[in-house]
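Note sheet for the following structure.
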2 protein chains.
Amino acid sequence: MRVTGDQALVKKLNKSIVLDTIRRKGPLSRTDVSERTGLNKATVSNLTFELLEQKLVEETGLGVSSGGRKPLMLLFNGGAGCAIGIELGVTLVKAALTDLKGGILLETSAPLGKHNPDTAFAVICEIVRPLLEAAPEAPHGVVGIGIGVPGMVDESGLILYAPNLGWEGVDLKGRLESEFGVPVVIDNEANAGAAGEREYGAGRHVRHLVYVSAGMGIGSGMIIDGQLYKGAWGYAGETGHMSIESDGRLCSCGSRGCWELYASERAYAYFESQEEEGQISTQESGSRSTEFDKPIDLPSLTTPELTEYARQGHDNTLRMYEEIGRRLGIGITNLVNGFNPEKIVVGGPLTEAKEWIEPAMLAVIAERALPYHRRELAVSFSELGSRSAVLGAAHLAVSQFLGRVRVSL
Amino acid sequence: MRVTGDQALVKKLNKSIVLDTIRRKGPLSRTDVSERTGLNKATVSNLTFELLEQKLVEETGLGVSSGGRKPLMLLFNGGAGCAIGIELGVTLVKAALTDLKGGILLETSAPLGKHNPDTAFAVICEIVRPLLEAAPEAPHGVVGIGIGVPGMVDESGLILYAPNLGWEGVDLKGRLESEFGVPVVIDNEANAGAAGEREYGAGRHVRHLVYVSAGMGIGSGMIIDGQLYKGAWGYAGETGHMSIESDGRLCSCGSRGCWELYASERAYAYFESQEEEGQISTQESGSRSTEFDKPIDLPSLTTPELTEYARQGHDNTLRMYEEIGRRLGIGITNLVNGFNPEKIVVGGPLTEAKEWIEPAMLAVIAERALPYHRRELAVSFSELGSRSAVLGAAHLAVSQFLGRVRVSL
DNA sequence: AAAACTTTGTCTATCGAGTAAACTAAGTCT
DNA sequence: AGACTTAGTTTACTCGATAGACAAAGTTTT
């Protein structure tokens with residue numbers, strides 16, 4: 001049964017429009033809101049009254065006159081509630097308590113030793129509890145918990161498969177909800193990051209955004225028309241397993257030449273060892289690859305150490321990051337041509353090496369993306385750094401709390 | 001200024017829901033519609049009354065009783081108007097006159113000799129005029145013209161770039177509108193094909209669909225949540241230029257290893273000549289490609305002839321189609337992993353060779369797509385054959401005429 | 001065949017949303 | 001001080017959806 005229209009829907013829609021307008025463009029007077037939204041002044045007044053009652057909006061005093069009565073300015077009240085955002089990493093759990101505007105009130109993290117669901121759940125609880133207790137008194141209290149996980153999440157919120165944790169079919173959302181008694185939103189780490197950058201970071205005011213999260217693998221969060229695109233069953237965005245080398249190296253996923261083998265931290269091992277196990281041997285002559293077919297001696301296999309070497313001008317490391325940048329650019333080009341986003345935001349742990357990756361990446365995109373696609377395309381790195389996913393997860397909870405109605409004609 | 005809610009919107013929304021329900025599930029009684037949509041019986045009656053007045057719906061007589069009064073069945077009246085769908089090909093212009101249900105009333109085509117916009121426009125006019133004249137008397141007459149073109153179309157309907165026609169910045173939509181005085185909808189050929197298959201073909205009732213059109217190139221039409229996804233500026237779907245071979249053959253687009261070089265009719269020339277001009281030579285040893293690095297003797301370079309050879313069991317041709325199938329599968333896998341569609345529909349001229357392409361294609365997808373993505377994925381070939389784009393274009397016109405309002409919560 | 005029941009579809013009274021326009025409030029400008 | 005401007009509220013009204021009563025037209029039971 002589809003969503004049908006009635007007066008309640010109209011009100012919900014308009015109220016959400018008013019709140020959203022104030023939230024994004026505030027401070028605004030009632031008249032401003034009326035003009036911006038096209039709603040009648042009376043309607044705005046009525047809805048504003050309710051929003052004031054709900055403490056979601058506050059009057060911050062008189063504004064400057066433009067030749068008549070001074071306007072009463074309205075502002076979104078970020079303090080009306082709090083949200084908790086969590087990023088479940090493979091080795092680290094990060095969390096933050098935020099207000100409804102994404103302002104961080106408190107931040108914590110804890111290492112994740114064992115990967116089994118029970119241990120992880122315990123660690124998460126231990127980290128979340130103090131945040132809940134630290135939450136200030138607010139009209140709406142803690143409105144929800146958002147969590148980004150390194151794996152695929154289905155529509156119901158079940159973690160279907162998280163290879164790096166070795167999880168399959170874990171109902172983390174349900175367990176958290178019954179533990180803490182607040183609504184929990186769960187999503188892929190890349191989707192959370194995309195939401196974060198779109199709301200508070202490099203993607204503000206962008207309608208069509210692709211966030212590429214590069215770390216131990218690559219995942220993408222795609223925002224289409226301001227909304228996370230999840231695909232038919234919620235698994236969209238597994239772009240790390242886009243093959244950019246049809247007969248390339250064998251990936252753990254069973255496919256070959258997956259993007260993340262060349263453009264994520266997984267590439268380190270590849271440069272180092274360059275075992276040929278996975279490669280298909282050629283029946284015929286003529287090679288045409290620029291891949292590093294001989295091992296490169298890398299002084300380390302972790303990003304923090306490698307960036308240190310890069311900073312010191314270590315030649316092989318620099319060459320490697322250049323190649324990673326090139327491969328990142330190739331995959332991003334594929335996304336750009338297929339999706340035609342307004343903006344690409346690159347985030348994740350690998351962006352620590354931004355400095356050495358960026359030039360080749362941008363050059364490849366400039367060279368290879370289709371002219372019209374790249375003409376108005378913006379490519380940038382994460383603005384929230386390692387906080388993208390945590391803030392995005394918190395925002396997912398806020399967003400669910402505030403509710404949103406959208407109409408397209 | 002955003003779409004706000006008022007009673008008119010509510011009515012529009014509900015009316016469109018009622019019409020859509022009858023169109024898709026009819027014949028239905030008013031009570032059926034009420035139950036299916038959740039709308040009140042009175043509301044359905046009122047809206048139905050208007051739809052009857054507009055001749056968009058008709059009462060087809062009494063249905064069977066289920067223990068009480070016999071229901072008056074309602075049916076969408078496909079005859080209330082006509083639409084014209086056009087596919088502008090590189091060598092051929094196809095067109096059809098359809099009713100509002102996509103039923104073909106008349107079909108024509110004409111060869112396209114010269115490619116310049118004026119000639120093409122003249123040919124289109126010549127082909128459309130008789131269709132317009134043949135249109136039967138109907139309450140709404142010819143409600144619109146839809147046209148699918150082999151190139152990129154921006155939001156305003158301008159053909160930005162059509163490489164195979166050599167066009168840049170052609171306002172075909174505007175010219176057709178002033179010539180015929182009816183609304184014109186223009187879109188990419190792949191988008192039109194996607195709309196056709198989704199509405200009348202292999203993608204009925206599918207919400208997330210990717211249509212892959214393989215001919216002289218590859219283009220994709222992506223339907224997300226029942227709606228064509230056009231990206232930020234309307235250029236989404238240029239998946240033919242997704243690189244599946246990072247350092248592969250140089251493409252006319254400036255990139256390398258583009259999918260369509262390996263999996264469309266453009267691949268024929270490649271197998272034949274295999275000039276190395278475009279290839280990057282390797283600095284180092286070790287090749288790892290299964291590509292056909294030596295030329296294959298092909299007896300022809302056109303699909304109709306090659307399929308004939310294939311039918312006769314011509315070895316090289318069969319090997320080539322198998323390789324094309326494999327490469328198609330690789331690209332489709334990339335789309336599946338990234339998009340998580342419910343269904344992939346493959347269409348376009350190349351599907352004439354379906355028989356020899358399909359096995360390898362399906363095998364590759366089964367082998368390489370991520371397990372959860374492929375589990376509920378359906379892959380099939382076009383049901384409308386060479387009519388996908390024409391019918392889809394006509395449907396775009398119908399769809400614009402009927403209007404549609406969508407609400408998401 | 002009559003009575004009781006069922007199902008379909010319409011009618012009626014009501015609610016509650018947004019709107020325009022009048023109005024009040026509170027400024028600015030000359 | 002008076003005219004003008006702008007902000008925000010009040011009032012009267014319109015319109016669409018709804019629940020529930022009702023009418024219409026069947027079927028089933030007695």
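Proteins come first, then strands; the chains are lettered A, B, ... in the order of their sequence lines, and each starts at number 1. Note that the coordinates shown come from a computational prediction; the quantities given were computed from them, not determined experimentally. These values consider heavy atoms only, across backbone and side chains, with no hydrogens, waters or symmetry-generated copies.
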Residues that Ser408(A) engages under side-chain contact (heavy atoms from CB on, under 4.5 Å), provided they are two or more places apart:
Gln227(B), Arg406(B)

Give a yes or no on whether a donor-acceptor pair under 3.5 Å exists between the nucleobase atoms of dA7(D), that is its base, and the side chain of Arg30(A).
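There is none.
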
Protein within reach of the bases, or only the backbone? For nucleotides 11-20 of chain C, mark each nucleotide 5' to 3' as B, S or -, using heavy atoms under 4.0 Å.
B----BBSBB

Is a side-chain N or O of Asn340(A) found less than 3.5 angstrom from the main chain of Trp233(B), in a donor-acceptor match?
yes

Rounded to whole Å, please give me the gap between [atom1] in [X] and [atom2] in [N].
X: Met73(A); N: dA26(C); atom1: CE; atom2: C1'; result: 16 Å
X: Leu72(A); N: dT6(D); atom1: CG; atom2: P; result: 18 Å
X: Asp32(A); N: dA7(D); atom1: CG; atom2: P; result: 7 Å
X: Phe49(A); N: dT10(D); atom1: CZ; atom2: C1'; result: 14 Å
X: Leu52(B); N: dG9(C); atom1: CG; atom2: P; result: 11 Å
X: Leu28(A); N: dT6(D); atom1: CG; atom2: P; result: 18 Å
X: Arg69(B); N: dT28(D); atom1: CZ; atom2: P; result: 17 Å

Across all chains, not counting sequence neighbours, the ring pair (Phe, Tyr, Trp, His ring centres under 6.0 Å) partners of Tyr235(B) are His373(A)

Partner set under ring pair (Phe, Tyr, Trp, His ring centres under 6.0 Å) for Phe180(B), not counting sequence neighbours:
none

Is there a side-chain contact between Ser45(B) and the phosphate of dG9(C), meaning an N or O under 4.0 Å from OP1 or OP2?
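So the side-chain polar atoms of Ser45(B) never come under 4.0 Å of the phosphate oxygens OP1 or OP2 of dG9(C).
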
With nearest nucleotides of DNA chain D determined for Lys70(B) and Gly68(A) from heavy-atom distances, which residue corresponds to the more 5′ nucleotide?
Gly68(A)

Nearest 0.5 Å please: distance from the [atom1] atom of [X] over to the [atom2] atom of [Y].
X: Lys55(B); Y: Leu100(B); atom1: NZ; atom2: CG; result: 14.5 Å
X: Leu74(A); Y: Asp32(A); atom1: CG; atom2: CG; result: 9.0 Å
X: Phe76(B); Y: Asp20(B); atom1: CZ; atom2: CG; result: 9.0 Å

Using distance only, find each side-chain donor-acceptor pair of residues 44-51 of chain B under 3.5 Å and give its atom names and separation, not counting sequence neighbours.
residue: Asn46(B); atom: ND2; partner: Ala42(B); partner atom: O; Å: 3.4
residue: Thr48(B); atom: OG1; partner: Val44(B); partner atom: O; Å: 2.6
residue: Glu50(B); atom: OE1; partner: Lys15(B); partner atom: NZ; Å: 3.0
residue: Glu50(B); atom: OE2; partner: Lys11(B); partner atom: NZ; Å: 2.6

Sidechain N-carboxylate O distance under 4.0 Å for Arg24(A), Glu199(A)
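Salt bridge: yes.
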
Sub-4.0 Å heavy-atom contacts from residues 53-67 of chain B onto DNA chain C, ordered by number:
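Residues of residues 53-67 of chain B under 4.0 Å from DNA chain C: Ser66(B), Gly67(B).
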
